[in-house]
2 protein chains.
Amino acid sequence: MTTKTKKKGAATLPLNEILAGDCVEVMNSLPENSVDLIFADPPYNLQLRGDLHRPDNSKVDAVDDHWDQFDSFKAYDKFTRAWLAAARRILKPNGAIWVIGSYHNVFRMGAELQNQGFWILNDVVWRKSNPMPNFRGKRLTNAHETMIWASKQEASKYTFNYEALKALNDGVQMRSDWVIPICNGHERLKDDAGNKAHPTQKPEALLHRVMVAATNPGDVVLDPFFGTGTTGAVAKMLGREFIGIEREEAYREVAKKRIDNVRKFDKEALTVSQSKRAQPRVPFGQLVERGMLRPGEVLTSPRGKVAKVRADGTLVSDDVKGSIHQVGAALEGAPSCNGWTYWMFKRDGKNVPIDLLRQQIRAEMAERPN
Amino acid sequence: MTTKTKKKGAATLPLNEILAGDCVEVMNSLPENSVDLIFADPPYNLQLRGDLHRPDNSKVDAVDDHWDQFDSFKAYDKFTRAWLAAARRILKPNGAIWVIGSYHNVFRMGAELQNQGFWILNDVVWRKSNPMPNFRGKRLTNAHETMIWASKQEASKYTFNYEALKALNDGVQMRSDWVIPICNGHERLKDDAGNKAHPTQKPEALLHRVMVAATNPGDVVLDPFFGTGTTGAVAKMLGREFIGIEREEAYREVAKKRIDNVRKFDKEALTVSQSKRAQPRVPFGQLVERGMLRPGEVLTSPRGKVAKVRADGTLVSDDVKGSIHQVGAALEGAPSCNGWTYWMFKRDGKNVPIDLLRQQIRAEMAERPN
DNA sequence: TACTCAGATGAATCCCACG
DNA sequence: ACGTGGGATTCATCTGAGT
């Protein structure tokens, strides 16, 4: 495992390590505003039948009493409040968190996220293609778990690789319900006796999609309930840095061995479809300066509106003057207008969007970046 | 509308009526332990900011009604606490409740349900087959809403028609995620001017499934946020008794007229559209997420072209990037190309079309439909 | 009639670099 | 910090007019 550290003020950030201990204490020892993404799969040990243990492992006596249930909810809320606050402190201002849970705990996590000022971006349903059936026929097959994606605050400029997720979904915008098989087969880690190494190991496909969606290569991803290290394994494959925190030594050992055996994907495979927003801005005036369009030349719209190009890169049409966007919006009575795709010019007798000229300039810029 | 009443101690239960007023006050005026099922679709507290336009510049009709405005989470919690307590009092000991919401409010409702001693049986995801897209490309398509099904207490012997739901689902155990279209077309109620009678009308198919699952004929179903009366309409069709509570006179009027026109047991309008695709679409990206192909892996074409797989399920080859189909077409100089049959990967030293992997996934899907 | 195609629309916490 | 304005962004389904 490669170990790097990042300086952040006085404290340093231990990268690609599995830290031992209680996640709240460990997170509190890390520098604030230092982590890009947190993925958390906390225990739901609200025990509903049989022995009831509070999250701190103290035992609750009576089970069937409403007040004891309430007491255990209170304890679980206290636990949730503590680790979410610690997580929020170490998140960068533009950072985000994903938590996963079932109906036993996810409502309490979601409410506490909101209470602490996290800003929910989506709730995402992991729809299991092969869930365990409900054997007694007393309820619906519990065929999904819920993830909550939230930024540190409402104003956060969170990372979302929209185009990459659209590409993952065959060119259609990715939805909030994801069909992914549960973790089994070769991917499921077993001990020497053939028993599951961890009771709730998450599929790598789930983490793959989360990280492609919400991080960029080189980002730091922290998992406070690391378990057998799915988060670390996928982070390494995808060229992200990880920080794991895990209390149980047995899990840490399994995770370390697992991650050591992971190979990084090569760099080219990690670059992902880019949004147009990432492309350099080209002022319309540049087309005029370069002689791609002449002052006085007439542009037309799909619905037959016309405007004349002026030497300074503005348009004029009857009583309207201004940018390609402003004139387009005014002529359409629309709140806004993308002039690049709205206006067309004549080439070889055919009307062609002026965006074609911008693409030519961008292609030149890519060849000779200056 | 047939009006019956049921005696319960001193007070009586008004059946098949729409009661005017605040739902907490009205519920408090009803006898305790008297209702079999409550279905509640409370305000979501959406907290919308500015206007939203589609890419074609048309404006999205926002849910900006006064009844959805709350000053804070604290105010919303107070509201939730009050109506859930009133609802719980009138529920029979073996009764149950369904609530529906989005990520804006459902976590707070779920936590409060637990706090009050309701016993969650399932969270149920309504997966919309035709949700509104995310127009700005800043988040995932919000393609689902969440329902919570809870009994009055842990010891409740709640109603669950397991076999009926299994039958509704082609003989396979019903799962916790339900695919149902949003309410539109002829089912969507309009006023004389052609505007939506209610901004958030729920589909009858959803209520149909809830009532078939959780009630028997003759049961009393109460809806404290009746709106335009979907709950009442479906209850009448299915031979259940309903009690509606609605504050707004305009909604009550629409609902009354609607329910008066409902015929019992008119199942034709209720059959859930199955719309099975002959062959389900499998995004190429799924092969990457599932680890069937690795980012960086090289695919080859019959004529020796090569391309590398990227983490988002796109390919890259020399100067061309894009989907398996786009890159294939570009390399062949063809207008189109079926990437599934064009590209091959290496398995056991032999080149095999990637379509083989798609067939594997489809086979899994066929074994476990839904 | 049957089919095509343009237009409308749905519970939505929906931009951001630059001056 | 705040205002300005360039310019990026959509899927499934139903309706209704036209052929």
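Letters A, B, ... are given to chains in the order of the sequence lines, protein chains preceding strands, and every chain is numbered from 1. These numbers come from a predicted model, not from an experiment.
- In this structure, A:R358 reaches the sugar-phosphate backbone alone: every heavy-atom distance under 4.0 Å involves primed, P, OP1 or OP2 atoms, never a base.
- DNA chain C is contacted by both B:E145 and B:F135; B:E145 maps to the nucleotide lying nearer its 5′ end (nearest heavy atom per residue).
- Distances were taken from every side-chain heavy atom of B:H186 (C-beta onward) to each of D:dA12, C:dA11, D:dT15; the shortest belongs to D:dT15.
- With hydrogens and angles left out, the side chain of A:K157 and the base of C:dA17 share no donor-acceptor pair within 3.5 Å.
- Among the protein residues, A:I120 comes within range of the nucleic acid bases, having at least one heavy atom under 4.0 Å from a base atom.
- Using a 4.0 Å heavy-atom criterion, one finds that A:Q279 contacts no nucleic acid atom at all.
- Nearest-nucleotide mapping onto DNA chain D: of A:K276 and A:S323, the residue sitting toward the 5' end is A:S323.
- Closest to the side chain of B:K138, from the set C:dC14, C:dG10, C:dA12, is C:dC14.
- Separating the NZ atom of A:K321 from the C1' atom of D:dG5 is a distance of 19 Å, rounded to the nearest angstrom.
- Shortest non-hydrogen contact noted between B:G101 and B:V106 is C-CB, 4.0 Å.
- Spacing of C1' atoms, D:dT10 relative to C:dG10, comes out at 12 Å, to the nearest Å.
- Between A:Q326 and the phosphate of D:dG5, there is no side-chain N or O to OP1/OP2 separation shorter than 4.0 Å.
- Ranked by how close their nearest DNA chain D nucleotide is to the 5' end, B:M132 and A:V282 are led by A:V282.
- The nucleotide whose nearest atom lies closest to any side-chain atom of B:F73 is, among C:dT13, D:dG7, C:dT9, C:dT13.
- Base engagement by A:C337 is indicated by at least one non-hydrogen atom pair under 4.0 Å involving a base atom.
- A:I97 approaches A:L84 most closely through the heavy-atom pair CD1-CD2, 3.9 Å.
- Checked against the 6.0 Å centroid threshold, B:W67 and B:H198 count as a close aromatic pair.
- Within the 4.0 angstrom heavy-atom criterion, base atoms lie near B:T200.
- For the pair A:D177 and A:R175, the salt-bridge criterion is met [side-chain N within less than 4.0 Å of a carboxylate O].
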| task | Walk me through it: do B:W178 and B:W126 pass the test ring pair (Phe, Tyr, Trp, His ring centres under 6.0 Å)? | result | CA-CA 5 Å; B:W178 298 355; B:W126 168 28; 10.0 Å; no
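- Comparing atom distances between the B:R139 side chain and each of C:dT9, C:dA11, C:dT13 picks out C:dT13 as nearest.
- Note on B:R54: a base of the nucleic acid sits closer than 4.0 angstrom, heavy atoms only.
- Backbone-only contact: A:S275 has heavy atoms under 4.0 Å from sugar-phosphate atoms and none from a base.
- Comparing A:F118 and B:C183, the nucleotide of DNA chain C nearest to each residue sits closer to the 5' end for B:C183.
- Going from atom CH2 of A:W343 over to atom P of D:dG6 covers 14 Å, rounded to whole Å.
- Near DNA chain D, meaning a heavy atom under 4.0 Å from it, residues 41-52 of chain B has no residue at all.
- Figure legend. C:dC14 is base-paired to no nucleotide; pairs are counted as Watson-Crick or G-U wobble with both atom distances under 3.5 Å.
- The side chain of B:V60 sits closest to C:dA12 out of C:dC14, C:dA12, D:dC11.
- As a whole-Å value, the separation of B:D61 CG from C:dA8 C1' is 12 Å.
- Below 30°, between 30° and 60°, or above 60°: for A:W340 and A:F284 the angle between ring planes is above 60°, a perpendicular geometry.
- Between B:R127 atom CZ and D:dA12 atom P the separation is 13 Å, expressed in whole Å.
- Out of D:dT9, C:dA11, C:dG10, the shortest distance to the side chain of B:P133 is found at C:dG10.
- With a glycosidic angle more than 90° from 0, D:dT15 adopts the anti conformation.
- Taking the six-membered ring where the residue is Trp, A:F107 and B:F107 present tilted rings, their angle falling between 30° and 60°.
- Here A:N338 lies in heavy-atom contact (under 4.0 Å) with a base.
- The NE2-C1' distance, from B:H144 to C:dA12, rounds to 13 Å in whole Å.
- The nearest whole Å value for the distance from the CH2 atom in B:W126 to the C1' atom in C:dA11 is 9 Å.
- Within the nucleic acid shown, A:Y162 comes within 4.0 Å of sugar-phosphate atoms alone, with no base atom in reach, counting heavy atoms only.
- Rounded to a whole angstrom, the distance from the P atom of C:dA11 to that of D:dG6 is 34 Å.
- Of the candidates D:dA12, D:dA8, D:dG7, the closest approach to any side-chain atom of A:R281 belongs to D:dG7.
- Distance noted for atom P between D:dT9 and C:dA17: 14 Å (whole Å).
- For C:dT13, the OP1/OP2 oxygens have a side-chain nitrogen or oxygen of B:N142 closer than 4.0 Å.
- If you check every strand for non-hydrogen atoms under 4.0 Å, B:N134 touches a base.
- Using C1' as the reference atom, C:dT13 and D:dG7 are 23 Å apart when rounded to the nearest Å.
- OP1 or OP2 of D:dT10 lies within a sub-4.0 Å distance of a side-chain N or O belonging to A:K166.
- Rounding to whole angstrom units, NZ of residue B:K190 and C1' of C:dA8 are separated by 10 Å.
- Between B:F225 and B:W83, the ring planes are perpendicular. Angles over 60° get that label, and only those under 30° would be called parallel.
- A salt bridge between B:D22 and B:R247 is absent, with no side-chain N of the basic residue lying under 4.0 Å from a carboxylate O of the acidic one.
- Minimum interatomic distance between A:V179 and A:S129 (heavy atoms only, all atoms of both residues): CG1-CB, 4.1 Å.
- Taking the six-membered ring for Trp and the full ring otherwise, the centers of B:Y76 and B:F79 sit less than 6.0 Å from each other.
- Looking at heavy-atom distances under 4.0 Å, B:P131 makes contact with a base.
- Straight-line distance from the NE2 atom of A:H325 to the C1' atom of D:dA8: 10 Å, rounded to whole Å.
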